[in-house]
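See structure below.
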There are 2 protein chains.
Amino acid sequence: VFDEKERKQAVRDGKRLTRGLNAGPGAASGRAVFSPSKAEAMSKSGAVVLVRTETSPEDIKGMQASVGILTARGGMTSHAALVARQMGKVCVAGAGELEIDHKKARMRVSGVTVKEGDWISIDGTTGEVFVGRLSTQDSEVARSLTPGKRKRKTTPAIVEAYDKLLTWADEVRTLRVRTNADQPEQCRTAVALGAEGVGLCRTEHMFFGESKIEAMREMILADGPEAREAALARLLPLQRKDFEGIFKEMGDLPVTIRTLDPPLHEFLPHGDEEIRVLARELGVKPADIRAKVEQLTELNPMLGHRGCRLGITYPEITRMQARAIFEAACRVAKKSGVRPQPEIMIPLIASREELSLQAEIVRDVAEEVFRKAKMRVPYLLGTMIELPRAALVAGEIAEEAEFFSFGTNDLTQTTYGISRDDAGKFIPVYVDREIFRADPFGTLDKRGVGRLVEIAAMDGRATRPDLKLGICGEHGGDPESIDFFHRIGLRYVSCSPYRVPIARLAAAQAALRAAL
Amino acid sequence: VFDEKERKQAVRDGKRLTRGLNAGPGAASGRAVFSPSKAEAMSKSGAVVLVRTETSPEDIKGMQASVGILTARGGMTSHAALVARQMGKVCVAGAGELEIDHKKARMRVSGVTVKEGDWISIDGTTGEVFVGRLSTQDSEVARSLTPGKRKRKTTPAIVEAYDKLLTWADEVRTLRVRTNADQPEQCRTAVALGAEGVGLCRTEHMFFGESKIEAMREMILADGPEAREAALARLLPLQRKDFEGIFKEMGDLPVTIRTLDPPLHEFLPHGDEEIRVLARELGVKPADIRAKVEQLTELNPMLGHRGCRLGITYPEITRMQARAIFEAACRVAKKSGVRPQPEIMIPLIASREELSLQAEIVRDVAEEVFRKAKMRVPYLLGTMIELPRAALVAGEIAEEAEFFSFGTNDLTQTTYGISRDDAGKFIPVYVDREIFRADPFGTLDKRGVGRLVEIAAMDGRATRPDLKLGICGEHGGDPESIDFFHRIGLRYVSCSPYRVPIARLAAAQAALRAAL
């Protein structure tokens, strides 16, 4: 966080330029840079904050070199936000008021021009953007809990109090708390903070790493199933290694892994220069890549060819992912003596038929892997409930699914018909005029979205009484929403690592409230 | 329709190249052209079919000059589809397999290259695209019913039979049948075919006309509310004239008018040349227009700044539209002695609060206009139910709404999380593998979308027993869907003019089935 005194002074001095979405928690100060190459160069002589209209996989090195990332466009699920959270970088996304001129390497906002090399400070917890340099500090509790950051030998009083409070909370609560994580390191942090499993491992984050993005692009650009299988064969060991790392870290705790979700064009480069580089690497014509990018472009990617629709049109992708999961689980079980508990989750299901097709692939691969490994690993197969239709026909879907995980981020988007990426243009007016009592992406909308969750929970359990129910949207870290999830009888919530302690407390409060 | 013998022969000869969406009914043959200017030039020496990746308002003249329009991208609600239906042109949209090269003026599909000037034939009822020339013919009934097309003095036997059948149908059915129309001519056709009102008048179609698109663009590019009001003042008389034409045509029948719905960027030019022309006309810099286009660009326009969200951020637009409607109604009532029955419909409502804000504007303007005109016109104020949340909180919304019209196109899109514009990439696989029993955009999905419609109808009537319920999606012309709408007690369905007789028949069948 920023030093509170300095922060207040900056607000009084009119140095708060604008706000964006709080896309990656924490606070960071650095010199503004407007291109990834500048970020790499300038980071050698001090902290830099990378400012981009939006980011794409080509920007990864520049993002890694920066202490923070600021974008003008895109939402909580934009490339910038996803990668920043994965890297543990501070990120403010979708600050729509920024007028960025990448050619001239500067931006204008609220009448102030920020040039390359000027200091800026961004708060990824509040979404605030400041001109100038603010001091940052870790909280005592955060320091004592984050592996590797515990500096003192003695335990400060506040940390003791924290420990005691959470011990009490754990005794009372019935709702389990998991974490959203897709890296061994994040798993370690979350377990240290009390997570009892992984509620959402987004496999696509793994593909943004440098060695993997190339194999991924080869797979996407493949001409026909054969070339695609070859590229997938190169991805398999990389993906398997990712899962091994996570299973090792989580031991006997359950790990929910979601199969590939985002539209494929998110993995392709879009700029001319990047396309030329990729074409050279792959030995194809830039025009061919451009044609593929063009062909994959969608008017509404949020409602397009993604989620299980990818696994249905390209079953070989689901097959590779399932193989990587089960082979990793068997290896870790043999080597480390733990019992990995994978829970495979198919995203964006709208009908039972879709889930049946994907489930068949996963189960077939599992049997094949178990036969070869001469051992079995217990696993569950379920789905995200993140589309209104999935909630409305949950009774049928539960015939196939062993668990439901409510993806309340996407469910809120489709139920309201609001793209979080584009909401910046009207949500401020909505909040001003109190049209929405609370931001439905922060606190679950009980009357609308919550009604769908209740319908799905009831109908799903009617079909399968032991159906495991959880929630893996950002709402899993919001106390008011947690109270609702407790009342309707969900088994667990899942949230990002640093929200785990809040969720444990909120779950206890919900249990106490219900007992009154 | 195409001559059935020729059509079958063409299929046998492998001349059916691909299929797209049946976006504008009818059949057309012409020479392929790949630019609007060529369409205008070549149409002087014979029929042309305009082929475009997608269309935009700059293409209007070229579209007018063509007998048919074929696009590679975009869905039933794309610019090409909307404008084609409005103009009564045959249109096949979103034929994703077409590889169009506009520079070289040719396209490739299924191994065939079609060059400028080659004959192609498109069927806007089935979505089929043929290479070569097929004969077209009007049906006897269509000819006898379309105003101006009745050629014979005597009535052929088939037309007599048709008349008798529909008279019987009208005696039996309880469901009323309205039409979707936004031009006086379309209203006349629909009334001749038995329409009992307009169920959906999309006001944005009116803005695509040549004189109006300019004022509309001025309004969008306006720098602040004052300049916007000035541009709106220029739009007011144009819009009022549109409504006068429709009210005159419809007489005492109800006319449901929807306030502005699509995102504003749909009205702006995107090509460099078109931007330069517009900049010259308005006396601004091309860079300013480009900046505005950039600023309005959305990642997911379907879920973006549109519908009532426009009316809430720019209340002056709703005010202008309400004024145009009420002034037109008063003028027509005074001049023609009919009693216009406007029903003002606010789109994309997700909460009661949004509707209250828009309703207040409409009611204030109505009172002001009535005071000045020294007369009143009875009107209703209601909303489309086209988002899942609107259906889920319909009980609250009915406190403000006097009618609900189910917008089942958009409701299907958000309930399934499928953009109809982008579905082309996976829907064929879904249909092949029978994942969807029927195309949910053709026949209403009763278990999912239908459940939301039932919830909304029930909760809405619980709040307001005399709530008027109708449906204005494309499903209003589908017999199987009509049966469902009858069973849950809707008051009317609304469909495009040529589907009105089908809807009358289907409504009668539904009534008979229910009585058995």
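Each chain gets a letter, A, B and so on, in the order its sequence line appears, and its residues count up from 1.
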Which atoms of [X] are under 4.5 Å from chain A, going by heavy atoms: the side chain, the backbone, both sets, or neither?
X: B/R306; value: neither
X: B/L296; value: backbone
X: B/S351; value: side chain

Choice from [options] maximising heavy atom contacts with chain B below 4.5 Å:
options: A/E353, A/R447, A/Q295, A/R73; value: A/R447
options: A/T53, A/T415, A/L310, A/L387; value: A/T415
options: A/L348, A/T313, A/V393, A/I312; value: A/I312
options: A/V449, A/L357, A/N300; value: A/N300

Hey, are the side chains of [X] and [Y] touching, using non-hydrogen atoms and a 4.5 Å cut-off?
X: A/M107; Y: A/E99; value: no
X: B/M219; Y: B/I317; value: yes
X: B/D410; Y: B/M302; value: yes
X: B/R319; Y: B/Y314; value: no

Tell me which of these, [options], has more heavy-atom pairs under 4.5 Å with chain A than the rest.
options: B/V429, B/T297, B/I418, B/I455; result: B/I418
options: B/E298, B/R309, B/E294; result: B/R309
options: B/G307, B/A291, B/P388; result: B/P388
options: B/A423, B/G417, B/G448, B/A350; result: B/G417
options: B/E396, B/R433, B/E54, B/E434; result: B/E396

**Distance flag, aromatic centroids of A/Y416 and A/F436, threshold under 6.0 Å** = yes

**Asked** Does the pair A/T414 and A/L303 meet the rule for a side chain to side chain contact (heavy atoms under 4.5 Å, CB included), with working shown?
**Response** CA-CA 9 Å; A/T414 42; A/L303 308 176; 4.1 Å; yes

**Prompt:** Which pairs count as salt bridge (charged side-chain N to carboxylate O under 4.0 Å, His left out) when at least one residue sits in residues 384-394 of chain B, sequence neighbours excluded?
**Reply:** A/D445-B/R389

**Asked** Checking A/I427 against chain B: side chain, backbone, both or neither under 4.5 Å from a heavy atom?
**Response** neither

**Message:** Using heavy-atom distances under 4.5 Å, tell me whether A/R352 contacts chain B through its side chain, its backbone, both, or neither.
**Reply:** neither

**Item:** Ion pair A/D459/B/R451, N-O distance below 4.0 Å
**Value:** yes

**Request:** Not counting sequence neighbours, which residues clear side chain to side chain contact (heavy atoms under 4.5 Å, CB included) with B/A401? List them please.
**Result:** B/L355, B/T383, B/I397, B/F404

